[in-house]
Amino acid sequence: SAVISQKPSRDICQRGTSLTIQCQVDSQVTMMFWYRQQPGQSLTLIATANQGSEATYESGFVIDKFPISRPNLTFSTLTVSNMSPEDSSIYLCSVASNTEAFFGQGTRLTVV
Amino acid sequence: AQKITQTQPGMFVQEKEAVTLDCTYDTSDQSYGLFWYKQPSSGEMIFLIYQGSYDEQNATEGRYSLNFQKARKSANLVISASQLGDSAMYFCAMRDWNSGGGADGLTFGKGTHLIIQP
């Protein structure tokens, strides 16, 4: 199983600012995924981070709000831009093989 | 579009009893995978078990087993001999594969909050 390190683990941010979340994997993986979990809700896929190409965003998520970088096969970042209180959520990165999908510890974001 | 339905928002179970958490899914794909995760109050997502759509036998991992009924499109999680530490949110999820053969992201159900009582 892959070991995924995600940071920061939590943050409190002012509205209008941006936060970049980092995800480091201990092995090379083709695809990495970013999810959002709003308070009391389930997980929703934000985007797929592809190495060497632009991320693929799900309906309802746009690159200007959630820019993603994937500079190599072990690392990705998600930025939450121009934050509002509605962005308060847990953000999780994930890596997957055919039969497994593992998650980082999550970043608990509170926007005030 | 894929859809996962978990009809039990919450469950209370006595310690040492077996627990069945329901999950039904909807997809038009022939090839797909089904996952179960445990999320304790700490927020981490703990992978429990996987079932592929072409797997003929039900998946098992220790005290966890997946009751896979393909014709009924159900993938219920069974926890045997429940323990106090099993108290958590449980999510059922599905994945299919994109046109390039790579894995797509997961679609999650709303989850079941399981509480094990002593």
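Numbers restart at 1 for each chain; the letters A, B, ... are given by sequence-line order, proteins then strands.
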So which part of [X] gets closer than 4.5 Å to some heavy atom of chain A, the side chain, the backbone, both or neither?
{"X": "B:L106", "answer": "both"}
{"X": "B:S42", "answer": "backbone"}
{"X": "B:Q39", "answer": "side chain"}

Original post:
Is there any side-chain hydrogen bond (donor to acceptor under 3.5 Å, both in side chains) pair reaching into residues 59-68 of chain A, and which pairs are they, with sequence neighbours excluded?
Top reply: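 Qualifying pairs: A:K65-A:D87.
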Single-linkage hydrophobic cluster [X]~[Y], side-chain heavy atoms < 4.5 angstrom:
{"X": "B:I49", "Y": "B:V78", "value": "no"}
{"X": "B:Y90", "Y": "B:F68", "value": "yes"}
{"X": "A:I46", "Y": "A:V25", "value": "no"}

Original post:
Do B:M45 and A:L43 have side-chain heavy atoms sitting under 4.5 Å apart?
Top reply: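 Yes, side chains in contact.
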Original post:
Do B:F108 and A:Y35 come within less than 4.5 Å of each other through their side chains, counting heavy atoms only?
Top reply: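 Yes; the side chains approach each other to less than 4.5 Å.
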**OP:** Below 4.5 Å from any heavy atom of chain B, which atoms of A:Q37 appear? Answer side chain, backbone, both or neither.
**Re:**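 Side chain only.
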Original post:
For the candidates A:R108, A:E100, A:E58, which exhibits the highest count of non-hydrogen atom pairs separated by less than 4.5 Å from chain B?
Top reply: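 Among A:R108, A:E100, A:E58, the one with the most close pairs to chain B is A:E100.
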Original post:
Do you know which two heavy atoms are closest between B:K110 and A:S42, and how far apart they sit?
Top reply: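 Scanning both residues, the minimum pair turns out to be CA-CB, 4.0 Å.
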Subject >> ring pair (Phe, Tyr, Trp, His ring centres under 6.0 Å) evaluation trace for B:F47 with A:F103 >> reply: CA-CA 8 Å; B:F47 168 70; A:F103 287 81; 9.6 Å; no
Original post:
Just how far is it from atom CG of A:L45 to atom CZ of B:R95, taken to the nearest 0.5 Å?
Top reply: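 Reported value, rounded in 0.5 Å steps: 11.0 Å.
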Subject >> B:T60: side chain to side chain contact (heavy atoms under 4.5 Å, CB included) partners, not counting sequence neighbours >> reply: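 For B:T60, the residues satisfying side chain to side chain contact (heavy atoms under 4.5 Å, CB included) (neighbours in sequence not counted) are B:S65.
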